[in-house]
Asks: 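Okay, handing you the structure first.
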Amino acid sequence: MRILLTGAAGFIGSHIADLLVDCGHEVVALDALLPQAHGGEPPEWVGRHDLIRGDVRDADLLDRLLPGVDAVCHQAAMVGHGLDPSDAPAYAGHNDYGTAVLLAAMHRAGVTRLVLASSMVVYGEGRYTCAGHGVVRPAPRRAEDLAAGRYDPRCPTCGAALGWALVPEDAPVEPRSTYAASKLAQEHLAAAWARQTGGGGWSLRYHNVYGPRMPRDTPYAGVASLFRSALAAGRAPLVLEDGRQQRDFVHVTDVARANLLAVTAEQPAGMVPVNICSGEPHPVGELARTLAAAMGGPAPVVAGGARAADVRHVVADPGRAARLLGFTARVRFAAGVAAFATDPLRDPAALSAPA
C-alpha cells in the first residue's frame with residue numbers, strides 16, 4: 001500500500017514509518033517540523049525516509065501528495081496539556097483546521113481510508129462504579145477534598161467512594177483541556193467526513209504512550225519522560241496526589257503495530273473508535289518506583305496536590321482492539337519500563353535549535 005503518514009518525524013509517527021516500510025509498504029512521510037517540537041530540524045532516526053517538510057494545512061501540497069495514495073495515517077498534532085485558554089487558537093489551528101484541510105483533500109483525491117491518532121483524554125475521568133448505584137459519572141472532585149488528600153471521586157447521588165473500572169469506547173466523553181477538546185473535534189470531523197463520503201477507518205485512542213524517541217524536558221513530555229529526566233539529573237521523581245491514580249502505559253512499538261493493523265484491516269463503515277492500550281493498568285507511583293529502581297536513582301517523592309484538569313483514574317478496556325483489529329500489546333510493563341531507563345530520547349527543541 002501507498003500510505004500518506006502525517007507527523008512522520010514525531011515520537012509515535014517515526015515508529016509507524018519504520019514499521020510500515022519494514023512490512024513492505026510505501027510511505028509518503030510528511031511533517032511540519034514545528035520549531036517548538038523539533039527545533040526546526042528532523043531527528044536523526046527519520047534519515048531512512050524521504051521526509052517531506054510541509055503542513056497538513058497546506059491544501060495545495062496535499063493535492064500533490066494524495067493522488068495514488070491508498071490510505072492516510074494522520075498522526076500530526078500539537079500535543080501537550082493545553083491548560084492555558086490562550087493556547088486554544090493554536091490547538092484548533094493545528095489539530096482541527098489541519099484535520100479539516102486534510103479530509104477535504106482526501107475527498108478531492110478519492111482517498112477513503114483513514115487512521116486517526118486520537119487519545120484517552122477525550123474521556124476525561126474514566127469509568128466508575130458505585131456499590132449502590134452501579135455505573136455512574138463521578139461528581140467533580142472538590143478543592144477541600146484534594147487539599148485534605150481525599151483524591152478518589154465520589155458518587156454524585158449518595159457520596160460514597162467509587163471504584164474504577166475499564167473504560168469502553170462507548171463511555172461518555174468529557175474533555176478536560178484544550179488539547180483534549182481538539183482531539184475529540186478531530187474525531188467528530190473524521191466521522192462527518194466518513195458519513196458524507198462513504199469513507200471509513202479507525203480513531204485510535206492512545207493511552208499513556210512511552211518508549212524510545214519520546215521527547216524530554218519539554219511541555220510535550222509525558223509523565224514517564226518527566227520521571228526519567230528527574231532521575232537522570234539525580235533528583236527524585238515528583239509524583240502528584242498519592243501516586244495511586246491508575247493509568248495504562250502502552251509501549252510505542254505496540255502503538256505502531258496497532259497503526260499497521262488498522263491501516264491494513266478491512267475498512268469499516270464510518271470511523272470506529274478503538275482504545276490502544278496495554279490492558280495492564282498500573283498506578284503512576286509504581287511507574288516512578290520501577291523507573292527509579294531501573295536507573296539506580298532516588299525513590300520518588302509523593303507530593304500530594306492535583307492540577308485543575310487532572311483526572312483520577314483512566315484505565316482502558318482492550319477488548320474492541322483485540323476483536324476488530326487483532327491487536328494485543330506485547331511489551332509488558334516491567335520489561336518496557338526497564339528498557340526505557342536507557343532508551344534514546346528526543347532532545348528538547350531549545351537544545352537542538354540553532355543559537
Side-chain angles (χ1 to χ4, degrees), residues 12 74-75 77-83 85 87-88 91-92 94-100 103 114-130 133-141 152-157 162-196 200-209 222 245-248 250 255 258 262 268-277 279 281 306-321 323-325:
I12 297 172
H74 184 31
Q75 306 294 314
M78 180 177 171
V79 300
H81 293 297
L83 301 181
D87 291 334
Y91 280 98
H94 286 287
N95 299 355
D96 302 330
Y97 178 67
T99 298
L103 293 169
L114 173 66
V115 177
L116 173 69
S118 188
S119 172
M120 69 172 196
V121 296
V122 302
Y123 295 120
E125 281 286 359
R127 185 179 180 93
Y128 292 88
T129 58
C130 171
H133 296 95
V135 175
V136 298
R137 292 299 288 171
R141 298 196 292 176
D152 285 312
R154 294 187 172 274
C155 177
T157 302
L162 299 175
W164 59 265
L166 301 181
V167 182
E169 289 83 354
D170 60 358
V173 290
E174 188 185 20
R176 298 289 187 91
S177 68
T178 306
Y179 170 64
S182 76
K183 297 308 287 184
L184 183 57
Q186 284 184 301
E187 288 197 23
H188 287 317
L189 287 165
W193 160 83
R195 286 190 294 268
Q196 293 164 349
W202 311 89
S203 295
L204 304 184
R205 292 175 176 171
Y206 303 156
H207 284 252
N208 290 73
V209 187
Q245 54 272 46
Q246 296 285 336
R247 296 292 188 271
D248 188 300
V250 57
V255 174
M271 293 298 296
V272 180
V274 181
N275 287 327
I276 301 301
C277 61
R307 296 171 298 190
D310 282 351
V311 298
R312 180 59 172 168
H313 304 298
V314 186
V315 177
D317 185 340
R320 180 179 289 184
R323 290 192 307 273
L324 299 186
L325 294 177

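Here, residue 1 is the first one in the sequence, and each next residue gets the next number.
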Asks: Are side-chain heavy atoms of Leu204 and Leu325 found at a separation under 4.5 Å?
Replies: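 Side chain of Leu204 against side chain of Leu325, heavy atoms only: contact under 4.5 Å found.
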
Asks: Do Lys183 and Tyr206 pass the side chain to side chain contact (heavy atoms under 4.5 Å, CB included) test, and can you show the C-alpha distance, the side-chain angles, and the key distance before you say yes or no?
Replies: CA-CA 11 Å; Lys183 297 308 287 184; Tyr206 303 156; over 6 Å; no

Asks: Say you draw a straight line from CG of Leu184 to OG of Ser118; how long is it, rounded to the nearest 0.5 Å?
Replies: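 OG of Ser118 is found 7.5 Å from CG of Leu184.
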
Asks: With side chain to side chain contact (heavy atoms under 4.5 Å, CB included) as the criterion, how do Val136 and Thr157 come out once you've worked through the C-alpha distance, each side chain's angles and the decisive distance to 0.1 Å?
Replies: CA-CA 9 Å; Val136 298; Thr157 302; 5.7 Å; no

Asks: Going by side chain to side chain contact (heavy atoms under 4.5 Å, CB included), Arg205 matches just one of Val121, Ile276, Val122. Which one?
Replies: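 Considering Val121, Ile276, Val122, a side chain to side chain contact (heavy atoms under 4.5 Å, CB included) with Arg205 is found only for Val122.
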
Asks: When rounded to the nearest 0.5 angstrom, what distance separates NE2 in His94 from OG1 in Thr99?
Replies: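 Rounded to the nearest 0.5 Å, the NE2-OG1 separation comes out at 12.0 Å.
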
Asks: Could you tell me if the side chain of Asp310 sits less than 4.5 Å from the side chain of Arg141, heavy atoms only?
Replies: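 When only atoms from C-beta onward are counted, Asp310 and Arg141 do touch, with a gap below 4.5 Å.
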
Asks: If you look at every heavy atom in Ser182 and Asn95, which pair is closest and at what distance?
Replies: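 That would be OG-ND2, 2.9 Å.
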
Asks: Nearest heavy-atom pair of Tyr179 and Val79: which atoms, and what distance?
Replies: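 Minimum heavy-atom contact is CE1-CA, 3.7 Å.
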
Asks: Quick check: closest heavy atoms across Pro153 and Pro138, and the distance to 0.1 Å?
Replies: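 Smallest heavy-atom distance, with atoms named: CB-CB, 3.5 Å.
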
Asks: What's the spacing between Tyr123 OH and Glu169 CD if we round to 0.5 Å?
Replies: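 Taking OH in Tyr123 and CD in Glu169, the distance rounds to 5.0 Å.
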
Asks: Tell me the closest heavy-atom pair linking Arg320 and Val272, and the distance in Å.
Replies: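 Looking at all heavy atoms of both residues, the closest pair is NH1-CG1, 4.0 Å.
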
Asks: Evaluate the side-chain proximity of Met271 to Leu189: yes if any heavy-atom separation is below 4.5 Å, no if none is.
Replies: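 No; the side chains remain at least 4.5 Å from each other.
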
Asks: Just how far is it from atom CZ of Arg127 to atom CG of Asp170, taken to the nearest 0.5 Å?
Replies: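 That separation rounds to 7.0 Å.
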
Asks: Can a donor-acceptor pair be found between the side chains of Tyr128 and Arg312 at a distance below 3.5 Å?
Replies: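 Arg312 and Tyr128 do not have a side-chain donor-acceptor pair below 3.5 Å.
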
Asks: Where is the tightest heavy-atom contact between Gly279 and Asp248, given as atom of each residue plus distance?
Replies: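 Heavy atoms of Gly279 and Asp248 come nearest at N-OD2, 2.9 Å.
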
Asks: Please assess Arg247 against Val315 for the test side chain to side chain contact (heavy atoms under 4.5 Å, CB included), listing each intermediate value before the final yes or no.
Replies: CA-CA 5 Å; Arg247 296 292 188 271; Val315 177; over 6 Å; no

Asks: Check whether His313 reaches the backbone of Gln246 with its side chain - one donor and one acceptor, N or O, closer than 3.5 Å.
Replies: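 Looks like yes, one N/O pair under 3.5 Å.
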
Asks: To check you understand the geometry: which heavy-atom pair defines the closest contact between Pro172 and Arg137, and what is its length?
Replies: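 The pair with the smallest heavy-atom distance is CG-CD, 3.9 Å.
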
Asks: Could you tell me if the side chain of Asp87 sits less than 4.5 Å from the side chain of Thr178, heavy atoms only?
Replies: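 Side chain of Thr178 against side chain of Asp87, heavy atoms only: no contact under 4.5 Å found.
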
Asks: Determine whether Asn275 and His207 satisfy the following criterion, side chain to side chain contact (heavy atoms under 4.5 Å, CB included), listing intermediate values before the conclusion.
Replies: CA-CA 7 Å; Asn275 287 327; His207 284 252; 3.3 Å; yes

Asks: As an exercise, state the distance from CH2 of Trp202 to CG of Leu114, rounded to the nearest 0.5 Å.
Replies: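 The CG atom of Leu114 is 12.0 Å from CH2 of Trp202, to the nearest 0.5 Å.
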
Asks: Answer yes or no: is there a side-chain heavy-atom contact under 4.5 Å between Thr129 and Val135?
Replies: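 Side-chain contact under 4.5 Å: yes.
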
Asks: Regarding Ser203 and Glu187, do their side chains bring together a donor and an acceptor under 3.5 Å, going by distance alone?
Replies: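 On atom types as modelled, these side chains do not qualify, holding no pair under 3.5 Å.
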
